[in-house]
Amino acid sequence: MSVFGMGYVGLCTAVCFASRGFKVIGVDVEHEKVETINRGIPIIHEEGLPTLLAESLRKGLFNCTLDFKEAIRATSTSFITVGTPGKPNGSTDLSQIEDVSRKIGLALRDKSDYHLVVVKSTVPPGTSEHLVKRVIEEEAGKRCGEGFGLCVNPEFLREGSAVYDTFQPDRIIIGEYDEKSGSLLEDFYRAFYAKAPPILRTTMVNAELIKYASNAFLAMKISFINTMANICERIPNADVTVVAKGIGLDKRIGPSFLNAGLGYGGSCLPKDVKALIRFAEQLNYEPELIKAVEAVNSKQALKAVELAKEALHGLKGKRIAILGLSFKPGTNDMREAVSIKVVKELLKEEANVVVYDPVAIPNAKRILPEEVEYAASTFECIKGADCCIIVTEWDEFKRLKPEDYLKLMRRPIVVDGRRIYDPREYLGKVNYLAIGLGPVQTGLNRPF
Ligand code: UGA
């Protein structure tokens with residue numbers, strides 16, 4: 001099979017398929033990326049990927065190329081995994097989808113065997129039918145269902161656990177143009193997984209919608225718990241982490257995606273929520289709930305700055321340490337990372353900002369304003385600081401003790417933006433402020 005677009009989803013998918021003995025060709029338009037991957041260097045930070053990549057290259061089960069015609073000729077199925085970035089107005093830039101569809105169509109013109117095309121990229125409902133199918137048909141001079149088949153197969157893997165998620169998905173969604181296309185893809189997945197997860201077969205448009213609905217629902221859970229956090233902060237002895245635990249025990253609600261914090265970032269949730277809003281508006285529907293999810297999220301990052309400002313009675317000239325820059329732990333991805341908003345707001349308040357992240361600093365340097373100072377370690381970052389804000393919950397920050405802050409900081413003020421510490425361990429030792437933690441009434445035996 002061939003995989004078009006060697007980004008996060010494409011590279012992980014290709015290498016995971018290859019690791020189970022399938023022969024996979026990765027296709028990309030960037031010469032340097034192709035070369036780097038072929039040398040065994042994954043272009044992204046992802047647990048387990050370097051080993052799988054090295055093995056599949058060594059066994060000759062995977063290689064990367066710029067030659068899309070040869071990739072189509074040599075394979076029977078092509079997955080489209082190119083990027084679908086958001087435009088400034090929230091709608092989706094489909095130029096890469098169009099370009100790759102054109103190339104696939106062009107290559108199919110010279111191929112007599114049936115070929116299955118699978119859209120894995122997140123695309124607005126209707127795109128596979130009205131763009132991908134149309135363009136391939138035009139270029140190939142063949143009709144969908146005759147010379148080639150078409151499926152929509154959305155991807156639900158998370159950055160940071162992409163390899164694990166590919167091997168252990170909760171479900172597989174197959175949106176099929178026709179029965180033959182769907183059955184071919186289902187057969188592949190049944191061969192790939194020793195024990196296949198539930199497989200839902202449906203229309204292409206439903207599959208496209210399921211992807212947006214999933215990400216919007218996850219975003220809604222986060223904005224919901226952040227709303228509860230903001231309420232908790234105004235109630236003595238309230239703690240959102242306990243509230244989340246309590247509601248999460250209800251099977252209908254479930255415990256995941258209820259971590260209150262500074263909001264969601266990354267390349268998917270913010271973009272997909274915006275795209276769904278835009279899409280609904282184009283249908284003359286006002287998606288009030290989804291708009292509220294976005295509005296809550298866009299303010300949430302600034303809560304960290306507010307807490308710091310309050311504790312320090314103003315931020316001008318203060319040294320603020322930021323622990324964590326990537327949009328979540330386990331990745332060096334800085335796209336839409338909450339840290340960007342926090343750092344910019346602190347600089348606007350004329351604070352001096354020093355930052356540390358175990359893996360994201362090279363990427364951060366390309367994105368954050370020049371004034372930012374970069375520390376080489378957690379300890380170096382908090383040393384001499386007036387306040388420390390936890391922005392990304394990397395494990396190494398969890399290991400810090402109140403004594404470390406007390407010893408190294410100028411003023412031991414800790415803003416726990418991701419609720420990584422137990423307040424009972426921190427309160428009374430350092431000035432501990434946290435998202436979703438109400439004012440603590442002293443003198444109580446059991447404050448939480
Ligand atoms: C998300 C979805 O979880 C995947 O299922 C989907 O495949 C992917 O988007 C995509 O569309 O490609 P990802 O962007 O890797 O995956 O990251 P998440 O784990 O969903 O986290 C997103 C953001 O939400 C992070 O900034 C994280 O810190 C935040 N978050 C997550 C919270 O603030 N609270 C939580 O309880 C969970």
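Atoms within each ligand, like the ligands themselves, are counted from 1 in listed order. On a predicted model such as this, the values are computed, not experimentally measured, just so you know. Residues take their numbers from the sequence shown, with the count starting at 1.
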Compute both the distance and the angle, then confirm whether K365 meets the cation-pi test with Y374: under 6.0 Å from the six-membered ring centre, within 45 degrees of the axis. yes

Are R171 and F156 in a cation-pi setup, meaning NZ or CZ lies under 6.0 angstrom from the ring centre and within 45 degrees of the ring axis? yes

Between [X] and [Y], is any side-chain donor less than 3.5 angstrom from a side-chain acceptor?
{"X": "S19", "Y": "S56", "answer": "no"}
{"X": "S181", "Y": "D178", "answer": "yes"}
{"X": "Y426", "Y": "D416", "answer": "no"}
{"X": "Y264", "Y": "Q300", "answer": "no"}
{"X": "K271", "Y": "T84", "answer": "yes"}
{"X": "Y405", "Y": "Y421", "answer": "yes"}

Starting from [atom], what is the nearest protein heavy atom, named by residue and atom, and what distance separates them?
{"atom": "atom 15 (O) of ligand 1", "result": "E159 N, 2.7 Å"}
{"atom": "atom 36 (O) of ligand 1", "result": "N259 N, 2.8 Å"}
{"atom": "atom 20 (O) of ligand 1", "result": "F257 CZ, 3.2 Å"}
{"atom": "atom 6 (C) of ligand 1", "result": "L157 O, 3.4 Å"}
{"atom": "atom 30 (N) of ligand 1", "result": "I222 CD1, 3.4 Å"}
{"atom": "atom 13 (P) of ligand 1", "result": "K328 NZ, 3.8 Å"}
{"atom": "atom 25 (C) of ligand 1", "result": "F327 O, 3.6 Å"}

Please find out if less than 6.0 Å separates the ring center of F279 from that of Y212. no

Is it the case that the ring center of Y356 lies less than 6.0 angstrom away from the ring center of F379? no

What atoms in ligand 1 come closer than 4.0 Å to a heavy atom of [X]?
{"X": "K211", "answer": "6 (C), 7 (O), 10 (C), 11 (O), 12 (O)"}
{"X": "E155", "answer": "7 (O)"}
{"X": "L269", "answer": "1 (C), 9 (O), 22 (C)"}

Taking distance alone, with no angle check, do [X] and ligand 1 share an N/O pair under 3.5 Å?
{"X": "Y264", "answer": "no"}
{"X": "R158", "answer": "no"}
{"X": "G265", "answer": "yes"}
{"X": "L218", "answer": "no"}
{"X": "N215", "answer": "yes"}
{"X": "F156", "answer": "yes"}

Among the heavy atoms of [X], does any lie under 4.0 Å from an atom of ligand 1?
{"X": "L258", "value": "yes"}
{"X": "C268", "value": "yes"}
{"X": "G261", "value": "no"}
{"X": "G263", "value": "yes"}
{"X": "R418", "value": "yes"}

For E349, the option from K318, K309, K344 that meets salt bridge (Lys or Arg N to Asp or Glu O under 4.0 Å): K309

In terms of heavy-atom contacts, does OH of Y8 have more than 12 from other residues, nucleotides or ligands at under 6.0 Å? yes

Inspect the surroundings of CD in E286 and state if more than 12 heavy atoms from other residues, nucleotides or ligands are less than 6.0 Å away. yes

